[in-house]
Amino acid sequence: MILFKKEKDLKPELKRLQNQGKTIAFAPTMGALHNGHLELIRAGKLAGHTTVVSIFINPTQFNDKKDFEKYPVTIEQDIKLLVESGTDILFLPSVAEMYPDGLEALSRYDLGDLENLLEGHYRPGHFQGVCNVMHRLLKKIEPQHLYMGQKDYQQCMVVQKLIADFQLPVQFHVVPTIREESGLAMSSRNTRLSQNARENAVAIYHAHVYVKNNLLKLSLRDLKDNAKKQLKAAGFTEIDYIEICDAHTLQPVQAYHEDQQLVILTAAFTEGVRLIDNMLLN
Ligand SMILES: Nc1ncnc2c1ncn2[C@@H]1O[C@H](COP(=O)(O)OP(=O)(O)OP(=O)(O)O)[C@@H](O)[C@H]1O
Ligand SMILES: CC(C)(CO)[C@@H](O)C(=O)[O-]
Ligand code: BAL
């Protein structure tokens, strides 16, 4: 694996690979890597691409300063995992490399309702930060393929919109959520939980399975109320949302219609750590 910290050093290597007819699969991350991240790399490799991974804890997407300060950093372990996974290139830029004009000089993206719904509502400015960093990363790396995780469902929609709006020549791939054996969605933030909270956090997954299994039996309102009770019983202290939405527009849905694809999305806090997960319902 080759490590680059600057675009000016990375570009010649990308050019060399391009001249050899190689195609690039890119998996952007914020590090503290786990099996979910490695699945993005596996998917790119399986399709026969050269894999580029970035690790950059993007300051502009954190609406909560404490969350940023506490974000886990395990760079030596990450490098070991990336080498083992057969990653070809690691891009590890500094803040100055990504934001040469400073953190205030940001572009403004029109995200429509995605900016106001769910994560957009509870993390103001978050998706503007995601778009700023993703647009910059995509310009620097110019991959033919981009792999991102379904765990961050709304983020996938936002980045797909960015690609469409700017007609970026990259194919987007959503990788299914990788879970612990218990069902808990793997997430870097899980490492901030005590053993007990980590075991109880699987309640999000169980609540989603409950809603999926009872979709035709109860009203969506009752399903959401019951799911909320399950999370409270499992020690979730604050629930930002448990919402059942149209899987394509993310607009909340009041009643089930069989011709509409639905997704349930949850964001909730346990031990002060905010976890998210989602599940397609039909
Ligand atoms: N369990 C998972 N399964 C599949 N993809 C995942 C999983 N967790 C994260 N990803 C994907 O990995 C990429 C990088 O995510 P990120 O570095 O934020 O990791 P994370 O574990 O989601 O961290 P956190 O949720 O704590 O921010 C994103 O595309 C994300 O959707
Ligand atoms: C896509 C991403 C790497 C952009 O900083 C981040 O939001 C993440 O890790 O999901
Ligand atoms: N995994 C999405 C990035 C974030 O929570 O900031």
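Computed from a predicted structure; not experimentally measured. Ligands are counted one by one from 1 in listed order, and the atoms in each one are counted from 1 as well. Just the heavy atoms: all of them, side chains too, but no hydrogens, waters or symmetry mates, feed the values below.
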Flag, side chain of [X] to backbone of [Y], donor-acceptor distance under 3.5 Å:
{"X": "Lys45", "Y": "Gly86", "result": "yes"}
{"X": "Arg136", "Y": "Met98", "result": "yes"}
{"X": "Asn278", "Y": "Gln150", "result": "yes"}
{"X": "Tyr205", "Y": "Leu184", "result": "no"}

Notebook entry, point to check: Parallel, tilted or perpendicular: which describes the rings of His49 and His145, with under 30° parallel and over 60° perpendicular?
Noted result: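 Parallel, since the angle between the ring planes stays under 30°.
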Note to self: Go through it in stages, so that I can follow the logic: the residues are Lys11 and Glu142, the test is salt bridge (Lys or Arg N to Asp or Glu O under 4.0 Å), and I'd like the CA-CA distance, side-chain angles, deciding distance and then a yes or no.
What the structure shows: CA-CA 10 Å; Lys11 274 279 191 240; Glu142 297 184 290; 3.3 Å; yes
Atoms of ligand 2 less than 4.0 Å from [X] heavy atoms?
{"X": "Met148", "result": "1 (C)"}
{"X": "Val133", "result": "4 (C), 5 (O)"}
{"X": "Pro28", "result": "3 (C)"}

Notebook entry, point to check: Would you call Lys224 and Glu243 a salt bridge, taking side-chain N to carboxylate O under 4.0 Å as the test?
Noted result: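 Judged by the 4.0 Å cut-off on N to carboxylate O distance, Lys224 and Glu243 do form a salt bridge.
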Run the ring-centre check on [X] versus [Y] and record whether the distance is less than 6.0 Å.
{"X": "Phe269", "Y": "Phe236", "result": "no"}
{"X": "Phe91", "Y": "Phe26", "result": "no"}
{"X": "Phe166", "Y": "Tyr109", "result": "yes"}

Notebook entry, point to check: For Phe172, which residues count as a ring-ring contact (aromatic ring centres under 6.0 Å, His included) partner, sequence neighbours excluded?
Noted result: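 Applying ring-ring contact (aromatic ring centres under 6.0 Å, His included) to Phe172 gives none.
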Checklist line | Nearest heavy-atom neighbours spanning Glu7 and Lys140 | finding: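 In terms of heavy atoms, the two residues are closest at OE1-NZ, 3.1 Å.
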Check: Heavy-atom contacts under 4.0 Å between Val159 and ligand 2: side chain, backbone, both, or neither?
Finding: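 No part of Val159 comes within reach of ligand 2.
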Starting from the N and O atoms of ligand 1, collect every protein N/O partner closer than 3.5 Å and put each pair on its own line with the distance to 0.1 Å.
| residue | atom | partner | partner atom | Å |
| --- | --- | --- | --- | --- |
| ligand 1 | 1 (N) | Ile178 | O | 2.9 |
| ligand 1 | 1 (N) | Met186 | O | 2.9 |
| ligand 1 | 3 (N) | Ile178 | N | 2.8 |
| ligand 1 | 8 (N) | Met186 | O | 3.3 |
| ligand 1 | 17 (O) | Met30 | N | 2.9 |
| ligand 1 | 17 (O) | His37 | NE2 | 3.1 |
| ligand 1 | 19 (O) | His37 | NE2 | 2.8 |
| ligand 1 | 21 (O) | His34 | NE2 | 2.7 |
| ligand 1 | 21 (O) | Ser188 | N | 2.7 |
| ligand 1 | 21 (O) | Ser188 | OG | 3.1 |
| ligand 1 | 22 (O) | Lys151 | NZ | 2.9 |
| ligand 1 | 23 (O) | Tyr71 | OH | 3.0 |
| ligand 1 | 23 (O) | Ser188 | OG | 3.2 |
| ligand 1 | 25 (O) | Lys151 | NZ | 2.8 |
| ligand 1 | 25 (O) | Ser187 | OG | 3.0 |
| ligand 1 | 25 (O) | Arg189 | NH1 | 3.4 |
| ligand 1 | 26 (O) | Ser187 | OG | 3.1 |
| ligand 1 | 26 (O) | Arg189 | N | 2.9 |
| ligand 1 | 26 (O) | Arg189 | NH1 | 3.2 |
| ligand 1 | 27 (O) | Tyr71 | OH | 3.0 |
| ligand 1 | 27 (O) | Arg189 | NH1 | 2.6 |
| ligand 1 | 29 (O) | Gly149 | N | 3.0 |
| ligand 1 | 31 (O) | Gly149 | N | 3.2 |
| ligand 1 | 31 (O) | Gly149 | O | 3.2 |
| ligand 1 | 31 (O) | Asp152 | OD2 | 2.6 |

Among all protein heavy atoms, pick out the one at the shortest distance from [atom]; state its residue, atom name and that distance to 0.1 Å.
{"atom": "atom 4 (C) of ligand 2", "value": "Gln61 OE1, 3.4 Å"}
{"atom": "atom 9 (O) of ligand 2", "value": "Met30 CG, 3.4 Å"}
{"atom": "atom 10 (O) of ligand 2", "value": "Gln155 NE2, 2.7 Å"}

Note down each nitrogen or oxygen pair, ligand 3 side and protein side, whose separation is under 3.5 Å; give only atom names and the distance to 0.1 Å.
| residue | atom | partner | partner atom | Å |
| --- | --- | --- | --- | --- |
| ligand 3 | 1 (N) | Asp152 | OD1 | 3.0 |
| ligand 3 | 5 (O) | Arg123 | NH1 | 2.9 |
| ligand 3 | 5 (O) | Arg189 | NH1 | 2.9 |
| ligand 3 | 5 (O) | Arg189 | NH2 | 3.1 |
| ligand 3 | 6 (O) | Gln61 | NE2 | 2.9 |
| ligand 3 | 6 (O) | Arg123 | NH1 | 3.4 |
| ligand 3 | 6 (O) | Arg123 | NH2 | 3.3 |

Next item on the list: List for me each residue that meets side-chain hydrogen bond (donor to acceptor under 3.5 Å, both in side chains) alongside Gln154, sequence neighbours excluded, and say none if there are none.
Entry: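 Result, side-chain hydrogen bond (donor to acceptor under 3.5 Å, both in side chains) vs Gln154: none returned.
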